[in-house]
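Atoms within each ligand, like the ligands themselves, are counted from 1 in listed order.
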Amino acid sequence: WQLISPKDLSLPPVVFHWLPIIGSAVQYGNDPINFLLKCREKYGDVFTFILFGRRVTVALGAKGNNFVLGGKLSQVCAEEAYTHLTTPVFGKDVVYDVPNEVLMEQKKFVKFGLSTDNFRAYVGMIEDEVEHYMKTDVAFRTYQMDDINEWGSFHALKTLSEITILTASRTLQGKEIRNALDKSFAQLYMDLDGGFTPLNFLFPNLPLESYRKRDRAQKAMSDFYVNILRKRTSGENTEHEHDMMAALMGQKYKDGRPLTEREIAHILIALLMAGQHTSSATSSWALLHIAANPEIGEALYQEQVQHFGTPDGKLRSMTYEELKQLPLLDSVIRETLRIHPPIHSIFRKVISDYPVPPTLSAPSKDNDHPYVVPKGYFVLSSPAVSQVDPLMWKAPFEWDPYRWTNPEDVAAQQVFKAYSEDGGGEKIDYGYGAVSKGTESPYQPFGAGRHRCIGEQFAFLQLGVIISTIIRKVELRIEKVPPQNYHVRPAAGSSSLLLTWISRP
Ligand code: HEM
């Protein structure tokens with residue numbers, strides 16, 4: 001089909017809209033999944049919508065995921081889609097501010113720091129942080145007073161955002177960042193995060209205070225990391241064997257050049273931002289669902305008792321290897337990521353006319369030419385849509401962790417098997433060219449292909465220990481899980497995210 005001449009190709013249908021430049025921005029922004037599902041009913045798996053002047057061609061389903069995420073470097077490009085959002089936040093010379101082959105090398109350096117050895121050390125650190133938080137934060141007052149009869153409450157997203165940054169900095173980011181979090185670093189993080197929003201994605205530069213704050217915070221944070229780095233190189237600070245900075249300091253590019261101080265600083269900022277909203281949103285949703293399904297909360301608790309109960313009725317700490325052997329906990333995280341993948345849309349910029357394979361969108365009687373997505377358009381894949389596709393999943397909108405271990409749920413079992421065999425695309429060869437399979441899966445909370453997430457194992461570790469530590473200590477309740485609100489950020493005090501809890505006897 002690629003031999004067809006361009007004049008025989010046609011454009012995908014454009015979603016109807018009243019406002020020329022704004023296009024479908026409001027509908028997409030308010031509820032992207034519903035918007036995309038409705039468009040699919042009308043236009044099929046491939047269609048274009050207008051997003052503030054940009055033309056975005058959506059490709060849905062497993063084949064659509066493959067079209068976007070399995071595209072060749074000569075066809076689609078992530079740098080051009082994201083750099084205006086990420087470079088002012090992460091800083092220069094890393095991730096999307098460099099050519100793809102440099103990013104591939106940088107991902108390999110980070111992988112080196114995400115070692116099993118480090119993960120083993122992190123389990124206890126994360127458990128420690130969560131326990132300390134519960135012993136000191138005001139939301140857990142009655143727990144601190146050992147009052148087993150009184151219910152307390154906490155705001156899921158606020159609490160889990162705090163716990164996520166505390167645990168990520170204690171482990172990956174290193175001691176100095178963890179200690180500074182109680183002081184100046186927290187404000188720098190908030191200012192930088194204020195510049196990492198959908199508004200910044202749509203409008204790279206506006207004369208707004210939040211943009212100025214973002215730029216000041218980026219510079220200050222970059223200096224902060226460089227200072228830590230210098231203290232380490234001068235030997236003034238030596239306690240840091242398991243963190244990411246230590247791992248990056250020893251790495252060299254293929255041409256023998258070591259990373260510069262700024263590259264190390266900016267990679268650490270990128271990792272901080274990449275893991276923060278994704279993990280805190282996931283742990284919040286997981287706890288909300290556990291609270292709404294107390295029998296699953298109890299089953300999770302019993303899983304802990306079965307594996308870690310001691311003769312005196314207490315629960316001992318777990319090892320990294322043991323954490324990976326808890327099927328219900330694993331299924332709870334997997335299922336939460338299915339219904340609530342934190343990254344619902346993945347974008348690429350089209351850099352040369354990109355024909356749509358007929359297997360994805362066959363010509364119809366109204367349109368007998370195959371589609372082509374022209375250079376200059378964006379393409380969008382949505383794991384969030386394929387992960388709730390009624391054609392693929394049983395009861396797709398139901399949060400049911402047991403689907404992942406139920407042999408009768410053929411669809412989930414197939415996905416699970418393919419995911420485990422392919423490592424969910426983890427087996428990426430970072431040599432130029434070869435990338436993982438897995439781009440055609442309907443289940444891709446961590447993306448697929450050359451830009452696939454490298455933080456999955458860390459995320460499962462962090463989420464697993466946080467959830468275990470909390471459910472060991474308290475029972476959670478909520479009447480029902482609130483609907484997804486795409487505008488909520490941690491600062492928002494939406495009371496619908498309030499979880500109530502009571503200490504376990
Ligand atoms: C890429 C999801 C946690 C680092 C991605 C992508 C997704 C994703 C969907 C692909 C983006 C694209 O193709 O455009 C998630 C989820 C997480 C999570 C759901 C947690 C639940 C983390 C953590 C880290 C991290 C903890 C760091 C330790 C990265 C990096 C990339 C990436 C470096 C590669 C970007 C690229 O190659 O273009 N993540 N992530 N992520 N993520 Fe994650």
Side-chain angles (χ1 to χ4, degrees), residues 65-66 68-71 73 76-83 85-87 90 94-115 118-119 122 126 160 164-165 167-169 171-173 201 243-244 247-248 266-286 332-334 336-349 378-384 386-387 424-426 428 430 435-436 438-439 441 443-464 466-467:
N65 291 346
N66 184 42
V68 176
L69 303 181
L73 279 179
V76 293
C77 169
E79 301 89 278
E80 288 199 30
Y82 296 139
T83 189
L85 168 73
T86 54
T87 303
F90 304 165
V94 300
V95 192
Y96 304 120
D97 190 47
V98 289
N100 186 262
E101 68 265 21
V102 180
L103 169 61
M104 292 297 134
E105 285 204 70
Q106 292 178 347
K107 285 174 80 170
K108 195 173 69 182
F109 302 151
V110 173
K111 267 271 170 196
F112 182 79
L114 296 169
S115 62
N118 283 355
F119 287 171
Y122 293 169
I126 297 173
L160 270 316
T164 301
I165 196 165
T167 50
S169 51
T171 52
L172 280 186
Q173 295 282 322
F201 177 70
D243 65 31
M244 186 57 74
L248 295 177
H266 297 170
I267 288 176
L268 286 166
I269 297 176
L271 297 182
L272 182 70
M273 305 309 283
Q276 179 58 23
H277 289 291
T278 47
S279 289
S280 57
T282 309
S283 50
S284 301
W285 282 117
V332 160
I333 299 171
R334 200 171 293 283
T336 304
L337 286 166
R338 185 183 68 80
I339 304 201
H340 307 284
I343 300 185
H344 58 70
S345 299
I346 298 182
F347 290 85
R348 301 284 183 262
K349 183 100 183 251
F378 290 82
V379 278
L380 182 161
S381 80
S382 178
S386 56
Q387 291 177 184
E426 274 279 326
I428 296 180
Y430 287 104
V435 289
S436 80
T439 47
S441 168
Y443 184 74
Q444 295 180 332
F446 294 95
R450 68 179 58 250
H451 289 284
R452 192 188 190 286
C453 187
I454 45 175
E456 174 175 1
Q457 286 167 321
F458 177 79
F460 264 78
L461 155 67
Q462 188 185 27
L463 292 164
I466 291 175
I467 296 170

A.B. asks: For atom 30 (C) of ligand 1, which protein heavy atom lies nearest, and how many Å away is it?
C.D. replies: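 Residue, atom and distance for the closest contact: Ile454 CG1, 4.0 Å.
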A.B. asks: Is Leu337 close to Thr282 at the side-chain level, that is, under 4.5 Å between some pair of heavy atoms?
C.D. replies: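 A side-chain contact exists here, since the closest heavy-atom pair is under 4.5 Å.
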A.B. asks: Give, for atom CG of Leu268 and atom CG of Leu172, the distance between the pair rounded to the nearest 0.5 Å.
C.D. replies: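 If we round to the nearest 0.5 Å, Leu268:CG and Leu172:CG are 9.0 Å apart.
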A.B. asks: Going from CG on Leu69 to NE2 on His451, what distance comes out if it is rounded to the nearest 0.5 angstrom?
C.D. replies: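 Between Leu69 CG and His451 NE2, I get 9.5 Å after rounding to 0.5 Å.
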A.B. asks: Could you measure the distance from the NE2 atom of His266 to the OG1 atom of Thr86? Nearest 0.5 Å is fine.
C.D. replies: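 Separation between the atoms: 12.0 Å.
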A.B. asks: From Ile454 CD1 over to Arg452 CZ, what is the distance, rounded to the nearest 0.5 angstrom?
C.D. replies: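 Here the rounded value is 10.5 Å.
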A.B. asks: Is there a heavy atom in Arg348 that sits closer than 4.0 Å to ligand 1?
C.D. replies: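 Yes.
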A.B. asks: For Pro341, state whether at least one heavy atom is located under 4.0 Å from any atom of ligand 1.
C.D. replies: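 Heavy atoms of Pro341 never come under 4.0 Å of ligand 1.
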A.B. asks: Which of the atoms of ligand 1 are close to Tyr82, meaning less than 4.0 Å from one of its heavy atoms?
C.D. replies: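 It comes down to these atoms of ligand 1: 14 (O).
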A.B. asks: Tell me which one of Leu114, Thr171, Thr278 gets a heavy atom nearest to atom 20 (C) of ligand 1.
C.D. replies: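 Residue with the shortest heavy-atom distance to the ligand atom: Thr278.
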A.B. asks: Return the residue, atom name and 0.1 Å-rounded distance of the protein heavy atom closest to atom 27 (C) of ligand 1.
C.D. replies: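 Protein heavy atom with the smallest distance to atom 27 (C) of ligand 1: Leu271 CD2, 3.8 Å.
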A.B. asks: Hey, could you give me the CD/CG distance between Glu456 and Leu461, rounded to the nearest 0.5 Å?
C.D. replies: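 That separation rounds to 12.0 Å.
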A.B. asks: What do you reckon, does Leu172 put a non-hydrogen atom under 4.0 Å from ligand 1?
C.D. replies: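 True for this residue.
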A.B. asks: Please could you name the atoms of ligand 1 that Pro445 approaches to less than 4.0 Å, counting only its heavy atoms?
C.D. replies: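 Counting from 1, the qualifying ligand atoms are 2 (C), 9 (C), 19 (C).
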A.B. asks: To the nearest 0.1 Å, how far is atom 32 (C) of ligand 1 from its closest protein heavy atom, and which atom is that?
C.D. replies: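 Here the closest protein heavy atom is Cys453 CA, 3.4 Å.
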A.B. asks: Side chains of Gln173 and Met244, heavy atoms from C-beta outward: is any pair under 4.5 Å?
C.D. replies: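 No, side chains not in contact.
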A.B. asks: Out of Ser345, Pro342, Ser381, Gly275, who gets a non-hydrogen atom closest to atom 26 (C) of ligand 1?
C.D. replies: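 Heavy atom nearest to atom 26 (C) of ligand 1 belongs to Gly275.
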A.B. asks: Residue-level breakdown please: for Phe446 versus ligand 1, do any non-hydrogen atoms fall below 4.0 Å on the side chain, on the backbone, on both, or on neither?
C.D. replies: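 For Phe446, the contact with ligand 1 is made by both the backbone and the side chain.
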A.B. asks: Could you identify the single nearest non-hydrogen protein atom to atom 10 (C) of ligand 1 and state the distance to 0.1 Å?
C.D. replies: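 The closest heavy atom on the protein side is His451 O, 3.5 Å.
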A.B. asks: What is the nearest protein non-hydrogen atom to atom 21 (C) of ligand 1, stated with its residue, atom name and distance?
C.D. replies: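 So the nearest neighbour among protein heavy atoms is Thr282 OG1, 3.7 Å.
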A.B. asks: Looking only at protein heavy atoms, which one is nearest to atom 24 (C) of ligand 1, and how far off is it?
C.D. replies: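 Among all protein heavy atoms, the one nearest atom 24 (C) of ligand 1 is Gly455 CA, 3.7 Å.
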A.B. asks: To the nearest 0.5 Å, what is the distance between SG (Cys77) and OH (Tyr82)?
C.D. replies: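 Nearest 0.5 Å value for the SG-OH distance: 11.0 Å.
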A.B. asks: Numbering the atoms of ligand 1 from 1, which are under 4.0 Å from a heavy atom of Phe458?
C.D. replies: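 Reading through ligand 1 atom by atom, the close ones are 26 (C).
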A.B. asks: Please examine the side chains of Ile346 and Arg348, heavy atoms only from C-beta on, and report whether any two atoms are closer than 4.5 Å.
C.D. replies: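 In contact.
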A.B. asks: Number the atoms of ligand 1 from 1 as they appear, then name those within less than 4.0 Å of a heavy atom of Leu103, with their elements.
C.D. replies: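 Reading through ligand 1 atom by atom, the close ones are 36 (C), 37 (O), 38 (O).
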A.B. asks: Could you label the plane-to-plane angle of the Phe378 and Phe347 rings as parallel, tilted or perpendicular, counting under 30° as parallel and over 60° as perpendicular?
C.D. replies: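 It falls in the perpendicular class, over 60°.
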A.B. asks: Considering only heavy atoms, does Val110 approach ligand 1 within less than 4.0 Å through its side chain, its backbone, both, or neither?
C.D. replies: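 Neither part.
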A.B. asks: Identify, by atom number and element, the atoms of ligand 1 in contact range of Ile346, meaning under 4.0 Å from any of its heavy atoms.
C.D. replies: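 Those of ligand 1 that fall under 4.0 Å from Ile346 are 9 (C), 12 (C), 13 (O), 14 (O).
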A.B. asks: Which residue from Ala274, Ser279, Ala78 reaches closest to atom 25 (C) of ligand 1 through any of its heavy atoms?
C.D. replies: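 Among Ala274, Ser279, Ala78, the closest heavy atom to atom 25 (C) of ligand 1 comes from Ala274.
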A.B. asks: Looking at Gly447, which atoms of ligand 1 are within less than 4.0 Å of one of its heavy atoms?
C.D. replies: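 Contacts of ligand 1 toward Gly447, numbered from 1: 9 (C).
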A.B. asks: Run the numbers for me: atoms of ligand 1, each under 4.0 Å from some heavy atom of Lys107, listed by number.
C.D. replies: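 Here the atoms of ligand 1 in question are 34 (C), 36 (C), 37 (O).
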A.B. asks: Answer with side chain, backbone, both or neither: which part of Tyr96 has a heavy atom less than 4.0 angstrom from an atom of ligand 1?
C.D. replies: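 Answer for Tyr96: side chain.
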